[in-house]
Amino acid sequence: MATEKALGLPLDGELAGVAARMSGLLLSRETVDSVLELIVSLAGTTITAAAGAGVTLVDDEGRPATTSASGPLVRDADTLQYQLGEGPCLTALAEGAPMRIDDVTTERRWPRWCAAAGDAGLRSVLTTPLVTEDGCLGAIKVYATASGAFGRADEETLAEFAGRAAVLVANARAYERASRFSERFKETLRDRDAVTMAKGFLMGRDGVDEDAAFDRLLALARAGARSPAEAAAALLTAARRGE
């Protein structure tokens, strides 16, 4: 797009570099938060008129929350949207389409939010959803304190940027969830091993069969208001100490 090139806005080459940097974060096991912080930083430099940028993600219950923001201007403006239940970012999420405000003082949509945002010194807004094949993950937005700060070229650039960012956020979330599952699985295995060892200890010490040993372990757990795994770990620790 010649207009964007004339404005010096990052296009394919620069955005491909962004993707490579974010992929490097994933490969180095950085968290979703690190990816989001990088996205916010790059969005703020990609849209040069922006005074601040942020990302809203939708949680597993469908609730939006600002997960990364460049500063108080963004976080406060977003918080107002969540409190009032209206605003351009929430509409972008609901409709899966970009939203732009040239001047909050003359904007007729979202009147309560625009009035409050205007009082806080905000004037222009541009937001676009983060969409993948699995649906809308959230939205990215840029705010400005000057009226008419964003134009059509900015809309197109942010939309392209959001497309790249959405894939990376989805991958980061998938990686983080897989890591959490892996840790829970390892913890489950450790707990199972502890219970098995504790049963074996009780069988040898008390001369009982496996079922009776497990019943005694459950009794210890109930008496100490612990889980069977916690009771097993405490029993094995005491046994090693000779208690």
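Just so you know, these numbers use all the heavy atoms, side chains as well, and skip hydrogens, waters and symmetry mates. Counting from 1, the numbers follow the sequence of the chain as shown. Since we're looking at a predicted model, the values are computed, not measured.
Closest non-hydrogen pair, L90 versus G85, comes out as CD1-C, 3.7 Å. Closest approach of F150 and A144 over heavy atoms only: CZ-CB, 3.7 Å. Between L236 and A194 the shortest heavy-atom distance is CD1-O, 3.7 Å. Of all the heavy atoms in F161 and A43, the pair that sits closest is CZ-N, 3.7 Å. Residues P64 and T56 come closest through the heavy atom pair CB-CG2, 3.7 Å. Taking all atoms of both residues into account, the shortest heavy-atom contact from K141 to C89 is NZ-SG, 3.5 Å.
Under the 4.5 Å side-chain criterion, counting only non-hydrogen atoms from C-beta, V58 is not in contact with C136. When side chains are defined from C-beta on, L158 does not count as touching P98, because their heavy atoms never get closer than 4.5 Å. The closest side-chain heavy-atom distance from D102 to S147 is not below 4.5 Å. When side chains are defined from C-beta on, E86 counts as touching P111, because their heavy atoms get closer than 4.5 Å. Looking at Q81 and P88, their side chains come closer than 4.5 Å, going by heavy atoms from C-beta outward.
When hydrophobic clusters are built by joining Ile, Leu, Val, Met, Phe, Trp and Tyr residues whose side-chain heavy atoms come closer than 4.5 Å, directly or via intermediates, V195 is grouped together with L220. I47 and I39 fall within a single hydrophobic cluster, where Ile, Leu, Val, Met, Phe, Trp and Tyr side chains are chained together by heavy-atom contacts under 4.5 Å. With hydrophobic clusters built from ILVMFWY side chains whose heavy atoms lie under 4.5 angstrom apart, V169 shares a cluster with L42. Transitive grouping of hydrophobic side chains (ILVMFWY, heavy atoms separated by less than 4.5 Å) keeps V208 and L217 in distinct clusters. Linking Ile, Leu, Val, Met, Phe, Trp and Tyr whenever their side-chain heavy atoms come within less than 4.5 Å leaves L80 and I140 in two separate clusters.
Here the CZ-OH distance, from R63 to Y82, works out to 13.0 Å after rounding to the nearest 0.5 Å. Note that CG of L235 is 13.5 Å distant from CD of E230, once rounded to the nearest 0.5 Å. With rounding to the nearest 0.5 angstrom, the OG1 atom of T67 is 9.5 Å from the CG atom of D78. Between atom CD of residue E155 and atom OG1 of residue T128 there is a gap of 8.5 Å, rounded to the nearest 0.5 Å. Rounded to the nearest 0.5 Å, atoms CG (D209) and CG (L202) are 11.5 Å apart. Summarising the geometry, atom OG1 belonging to T127 is positioned 7.0 Å from atom OH belonging to Y143; distances are rounded to the nearest 0.5 Å.
W113 places no side-chain N or O within donor-acceptor distance of the main-chain N or O of V104, the cut-off being under 3.5 Å. Between the side chain of S124 and the main chain of G148, a donor-acceptor pair closer than 3.5 Å is present. When atom types are taken as modelled, the side chain of T237 and the backbone of A233 share a donor-acceptor pair closer than 3.5 angstrom. Between the side chain of D154 and the backbone N or O of G151 there is at least one donor-acceptor pair closer than 3.5 Å. Without hydrogens or angle criteria, R123 side chain to G118 main chain gives a donor-acceptor distance under 3.5 Å. Side chain of S70 to main chain of A53: a donor-acceptor pair is present (N/O by atom type, distance under 3.5 Å, no hydrogens or angles).
A side-chain N or O of T105 and one of D103 form a donor-acceptor pair less than 3.5 Å apart.
Annotation: side-chain hydrogen bond (donor to acceptor under 3.5 Å, both in side chains) contacts involving residues 211-220, sequence neighbours excluded, comprise D206-R216.
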- Could you walk me through whether W110 and V125 pass side chain to side chain contact (heavy atoms under 4.5 Å, CB included), step by step? CA-CA 12 Å; W110 320 294; V125 183; over 6 Å; no
Run the side chain to side chain contact (heavy atoms under 4.5 Å, CB included) test on L73 and L122 for me, step by step, so that the C-alpha distance in whole Å, both residues' side-chain angles and the decisive distance to 0.1 Å come before the verdict. CA-CA 8 Å; L73 174 71; L122 189 149; 4.3 Å; yes
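Checked options L93, L36, T66; the residue passing with L57 is L36 (criterion: side chain to side chain contact (heavy atoms under 4.5 Å, CB included)).
Crowding of M203 atom CE: a count of heavy atoms from other residues, nucleotides or ligands under 6.0 Å exceeding 12.
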